[in-house]
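Since this is a predicted model, take the numbers as computed values, not measurements. As a basis for the values below, the full set of heavy atoms in this structure was taken, side chains included, without hydrogen atoms, waters or symmetry mates. Residue numbers start from 1 in every chain, and the chains themselves are labelled A, B, ... in the order their sequence lines are given, proteins ahead of strands.
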Number of protein chains: 2
Amino acid sequence: MAKLEFEPIVDTTRRAEIVARLRRAILTGQLEPGQKVNELRISEQMGVSRAPLREAIRELVQEGLLTNIPYAGAYVINVTAKDIADAYGLHHALEDFAIERVWPLRNETFAVELNRRHAQVKQATLALDTTRQIETALSLHSLIYEWADNALLLDTWQRLARRLQMYFALHQQARNEPVPAVDMHEDYVRLLKGADMAAAKRHAREHIDWDFEELLSYAHSLETNRK
Amino acid sequence: MAKLEFEPIVDTTRRAEIVARLRRAILTGQLEPGQKVNELRISEQMGVSRAPLREAIRELVQEGLLTNIPYAGAYVINVTAKDIADAYGLHHALEDFAIERVWPLRNETFAVELNRRHAQVKQATLALDTTRQIETALSLHSLIYEWADNALLLDTWQRLARRLQMYFALHQQARNEPVPAVDMHEDYVRLLKGADMAAAKRHAREHIDWDFEELLSYAHSLETNRK
DNA sequence: TATTGCTAGATTGTCGACAATGTGATTGAT
DNA sequence: ATCAATCACATTGTCGACAATCTAGCAATA
């Protein structure tokens, strides 16, 4: 008899769907930083009442994507250069820790999944689909966190990853250039499959720094625009 | 003219008050792990309607203190030995990072605040007030995160600190002994004021390990109880 | 006996209406 | 003209009621 496994049934509430849509709107920059989330307007657009929408807003506030001011409203978080720098500082710390933890847990399945996600990045890069490029790159980077066997670390990473996704989307949106059509992950993937952990850490650090440098121009424009 | 500073006005909504009360109930173990949060019952006890209570529940779910199953209810998170181990693994990583960042930012005010919080710990220890002992110890440990000048790191720590607070409270509740009436923070405080960062890191690591060892007996009882 | 289908009760999810609060314009006094 | 008081208006916060769903127990059937 074949071993058949079923996936759990998921997301049967309006609230969950609302959260997903709002989150996506924020992470893709459709809802801009600082913009107000008007409950009545959005609930009417989505065809739901304010109750599940408000519950969704509470979740996103806790996720750190919205801020709330009592009796004034919920606003998409603002992005400053310091926010971006903070995110990358934390990214460094988590990445080191994740690599250490994942190192002895790697196996053939890990390598296969690493290749699969890397292929997705390359595909999105070739297709010049920038939104998907960001998503797939973060998915690739998520792998070590998923395999590090630490639920709290994974949760922390996912919160951070959402911030990064937002920053990249805004950055890409700000400069209207196509996108870097090269893929920077060859070394990252190769080193994660290798035997030299120190080298992997070093490269991850450089890789993160490289991404950060990329965002700096956008971060700079934020500061100048504010004046 | 004396420099007078006002504290911000706080918590004008029922929701915020409900969140605070529920969180406290969970972190002190009054709401036990696995216990169901019955909306109707609690809303009647608190004298509020279900709407703000439900919004509060959403926040606590995102905070990681509750889990939610659609149409079934919200439950206080269960605690396993692995959860505790995960928390301490992450604690290690964050502590290292925080010490590095806070090191060049320390000044006289930092030292004064460090002493102040340490005094609170000693006071709670003398008074045999275990709940307050846990709170003040975590407050002491929070200082380096507050001074590290990284909002995301601070946020991450606060989420972790709440888990730790819960674990300690449950641990203390499980064994009915009075409490360790000794204070372990003398060296911690001294090294944080000193010049040897490596030594501070090393000690913090040992200190965290010591706390973890302390929790292991409780973690063990969890596993055996489950059988 | 084991399994399926049904029913009643309890609980969560959602809705529409009302209360509380903030905001900006208007008025009026000095 | 300036400033304070007032007043609509819009928006958020809260409430009570209803709809959708789950669970446990019992009956029916093989």
Side-chain angles (χ1 to χ4, degrees), chain A residues 1 4 6-23 25-26 30-78, chain B residues 6-23 25-26 30-78:
Chain A
M1 186 169 68
L4 177 58
F6 289 98
E7 297 289 316
I9 304 289
V10 286
D11 279 359
T12 53
T13 66
R14 299 194 199 291
R15 179 183 70 242
E17 175 70 16
I18 296 169
V19 168
R21 287 202 205 181
L22 281 180
R23 184 191 292 131
I26 296 169
Q30 296 176 293
L31 274 173
E32 295 174 14
Q35 192 173 338
K36 179 167 182 178
V37 178
N38 185 310
E39 296 177 2
L40 190 58
R41 191 169 58 75
I42 293 183
S43 67
E44 284 174 352
Q45 288 176 359
M46 290 191 181
V48 299
S49 73
R50 283 174 56 222
L53 175 64
R54 282 175 58 84
E55 293 186 13
I57 289 174
R58 296 305 152 249
E59 293 193 25
L60 292 170
V61 167
Q62 280 299 317
E63 255 187 55
L65 298 180
L66 297 177
T67 59
N68 186 267
I69 305 173
Y71 291 105
Y75 299 82
V76 179
I77 57 167
N78 272 305
Chain B
F6 289 98
E7 296 291 315
I9 304 287
V10 288
D11 280 359
T12 55
T13 65
R14 299 196 198 290
R15 180 183 67 242
E17 176 70 17
I18 296 169
V19 168
R21 286 204 206 179
L22 281 180
R23 184 191 291 129
I26 296 169
Q30 296 176 292
L31 274 173
E32 295 176 14
Q35 192 173 341
K36 180 167 182 178
V37 178
N38 186 311
E39 296 178 1
L40 190 57
R41 191 169 58 78
I42 293 183
S43 68
E44 285 174 351
Q45 287 176 359
M46 291 192 181
V48 299
S49 74
R50 283 174 56 222
L53 174 65
R54 282 175 59 84
E55 293 186 15
I57 289 174
R58 296 304 151 249
E59 293 192 25
L60 292 170
V61 167
Q62 281 298 315
E63 255 186 56
L65 298 181
L66 297 177
T67 59
N68 186 266
I69 305 173
Y71 290 105
Y75 299 82
V76 179
I77 57 167
N78 272 305

Please report the distance, rounded to the nearest Å, between [atom1] in [X] and [atom2] in [N].
X        : N       : atom1 : atom2 : answer
Glu44(A) : dA17(C) : CD    : P     : 12 Å
Leu40(A) : dC18(C) : CG    : P     : 15 Å
Ile69(B) : dT21(D) : CD1   : C1'   : 14 Å
Asn68(B) : dG13(C) : CG    : C1'   : 10 Å
Leu53(A) : dC15(C) : CG    : C1'   : 13 Å
Glu59(B) : dG13(D) : CD    : C1'   : 13 Å
Glu39(A) : dG22(C) : CD    : P     : 15 Å
Asn38(A) : dT23(C) : CG    : C1'   : 14 Å

So, for Thr13(A) and Pro70(B), which heavy atoms are closest and what is the spacing to 0.1 Å? CG2-CB, 3.9 Å
Heavy atoms of Pro33(B) and Val76(B) approach each other most closely as CA-CG1, 3.7 Å
When you measure from the side-chain N and O atoms of Arg54(A) to the phosphate of dG13(D), is any distance below 4.0 Å, counting only OP1 and OP2? yes
Can you tell me if the side-chain N/O atoms of Ser49(A) get under 4.0 Å from OP1 or OP2 in dT14(C)? no
Among [options], which nucleotide sits nearest the side chain of [X]?
X        : options                   : answer
Arg14(B) : dT12(D), dC15(C), dC15(D) : dC15(D)
Ala51(B) : dG13(D), dC15(D), dT11(C) : dC15(D)
Arg50(B) : dG13(D), dG13(C), dT11(D) : dG13(C)
Lys36(A) : dT12(C), dT12(D), dC15(C) : dT12(D)

Salt bridge check: are Arg15(A) and Glu59(A) linked by an N-O gap of less than 4.0 Å? yes
Min side-chain heavy-atom separation Leu22(B)-Leu53(B) under 4.5 Å: yes
Pairwise side-chain contact, Thr12(A) with Tyr71(B), heavy-atom cut-off 4.5 Å (strictly under): yes
How do Pro52(A) and Ala74(B) order along DNA chain C: which one's closest nucleotide is nearer the 5' end? Ala74(B)
5' priority, DNA chain C, between Pro70(A) and Arg15(A) [closest heavy atom]: Arg15(A)
